[in-house]
Amino acid sequence: MPDIFGVIADATRRDILQVLLDRHADDAEMSVSEIVNQLEISQPTVSKHLKVLRDAELVTVREEGQHRFYSLNAEPLEMVEDFVIPFLSAGFDTEVTVEYLDGNGSTVTGPEGLHDGEHVLPEEAASAAERIGRAAAVAEHRVKELVARFKLRE
């Protein structure tokens with residue numbers, strides 16, 4: 001399998017992946033000619049890049065007569081995610097606030113404002129939840145930054 005980072009480093013391949021991602025939400029495939037029309041690049045160029053994406057298992061292909069229909073397989077991108085996420089949270093400090101809600105969903109000033117019988121998470125669980133929430137927010141923010149940078153390079 002080719003190095004996934006080398007595969008997604010190419011702007012044209014990222015464009016093809018983006019086009020297929022847009023269709024992926026509808027669980028739809030795209031023909032080579034549809035990709036060519038949408039990206040306004042030559043058919044040989046699209047075919048060359050689709051071969052690289054196929055070899056990296058980032059796309060799947062279904063043949064129907066002389067036509068080929070492509071769809072996104074995002075699973076190999078999990079390796080990129082696994083590599084990038086530790087870097088995204090390194091040295092990132094953010095303020096996390098906790099909001100307490102009563103049984104009706106109304107905000108109360110703190111655990112002391114809850115009615116009898118209502119429970120707040122134990123301190124260890126609350127602390128773990130804060131760390132998880134902070135890491136998720138950091139990851140989301142950094143991924144959005146990376147996507148924006150890739151789009152600017154095109």
Side-chain angles (χ1 to χ4, degrees), residues 1-101 105-107 119-154:
M1 184 172 180
D3 177 35
I4 193 79
F5 292 96
V7 172
I8 62 172
D10 184 273
T12 301
R13 289 193 283 269
R14 289 194 311 271
D15 290 342
I16 292 170
L17 289 172
Q18 184 64 52
V19 166
L20 291 172
L21 176 63
D22 294 343
R23 283 286 180 94
H24 185 71
D26 299 328
D27 203 25
E29 303 169 313
M30 285 187 87
S31 69
V32 175
S33 61
E34 288 176 301
I35 297 169
V36 166
N37 290 335
Q38 189 155 348
L39 295 178
E40 298 178 346
I41 53 180
S42 72
Q43 186 273 327
T45 299
V46 169
S47 293
K48 176 185 83 169
H49 288 294
L50 284 169
K51 180 183 180 338
V52 173
L53 293 170
R54 262 193 332 267
D55 291 346
E57 299 176 0
L58 284 166
V59 297
T60 58
V61 63
R62 180 179 61 85
E63 295 183 25
E64 188 176 292
Q66 292 183 334
H67 300 284
R68 289 193 168 124
F69 297 91
Y70 288 85
S71 57
L72 177 68
N73 176 22
E75 189 174 316
L77 292 171
E78 290 177 10
M79 290 188 306
V80 175
E81 180 184 45
D82 292 344
F83 177 80
V84 171
I85 284 182
F87 293 95
L88 301 179
S89 59
F92 191 87
D93 192 23
T94 184
E95 181 67 30
V96 175
T97 58
V98 177
E99 183 177 282
Y100 296 95
L101 304 176
S106 300
T107 302
H119 300 283
V120 175
L121 289 174
E123 186 62 35
E124 300 84 30
S127 177
E130 282 185 43
R131 287 192 306 273
I132 290 168
R134 189 177 305 124
V138 168
E140 179 183 19
H141 174 72
R142 295 294 172 100
V143 167
K144 286 179 181 177
E145 282 182 2
L146 288 172
V147 168
R149 283 188 207 152
F150 279 129
K151 288 183 178 181
L152 288 175
R153 289 183 188 168
E154 299 170 359

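For this chain, numbers begin at 1 and follow the sequence in order.
Rounded to the nearest 0.5 angstrom, Q38 CD and L20 CG are separated by 9.0 Å. Taken to the nearest 0.5 Å, the CD atom of E64 stands 10.5 Å off from the OG atom of S31. With rounding to the nearest 0.5 Å, the separation of CD1 in I41 from CG in D15 is 7.0 Å. Between the CD atom of E63 and the CZ atom of R68 there is a distance of 4.5 Å, given to the nearest 0.5 Å. Here T60 contributes atom OG1 and E75 contributes atom CD; the two are 11.5 Å apart, rounded to the nearest 0.5 Å. Separating the CD1 atom in I16 from the CE atom in M30 is a distance of 10.0 Å, to the nearest 0.5 Å.
Taking each heavy atom of I4 and P76 in turn, the nearest pair found is CD1-CB, 4.0 Å. Residues Q43 and S47 share a closest heavy-atom pair of NE2-OG, 2.5 Å.
Here K48 pairs with nothing under the salt bridge (Lys or Arg N to Asp or Glu O under 4.0 Å) rule; sequence neighbours left out. Residues forming a salt bridge (Lys or Arg N to Asp or Glu O under 4.0 Å) with E78 (at least two apart in sequence, or on another chain): none.
When each of L17, L53, V80 is paired with V7, the side chain to side chain contact (heavy atoms under 4.5 Å, CB included) condition holds for L53 and for no other.
Side-chain contact between F69 and V61 is absent, with no heavy atoms from C-beta onward closer than 4.5 Å. For the pair L77 and I8, the minimum side-chain heavy-atom distance is below 4.5 Å. Within the 4.5 Å cutoff, the side chain of V59 has no heavy atoms near those of the N73 side chain. A 4.5 Å side-chain heavy-atom check between L58 and V52 finds every atom pair outside the cut-off. Under the 4.5 Å side-chain criterion, counting only non-hydrogen atoms from C-beta, Q18 is in contact with L21.
For D26 (side chain) and A28 (main-chain N/O), no donor-acceptor pair under 3.5 Å exists by modelled atom type.
For the residue pair R54/Y70, the side-chain donor-acceptor check at 3.5 Å is satisfied.
The residues D55 and K51 are annotated as salt-bridged, a charged nitrogen and a carboxylate oxygen being separated by less than 4.0 angstrom. Electrostatic pairing of E29 and R23 does not count as a salt bridge here, judged by no charged N lying under 4.0 Å from a carboxylate O.
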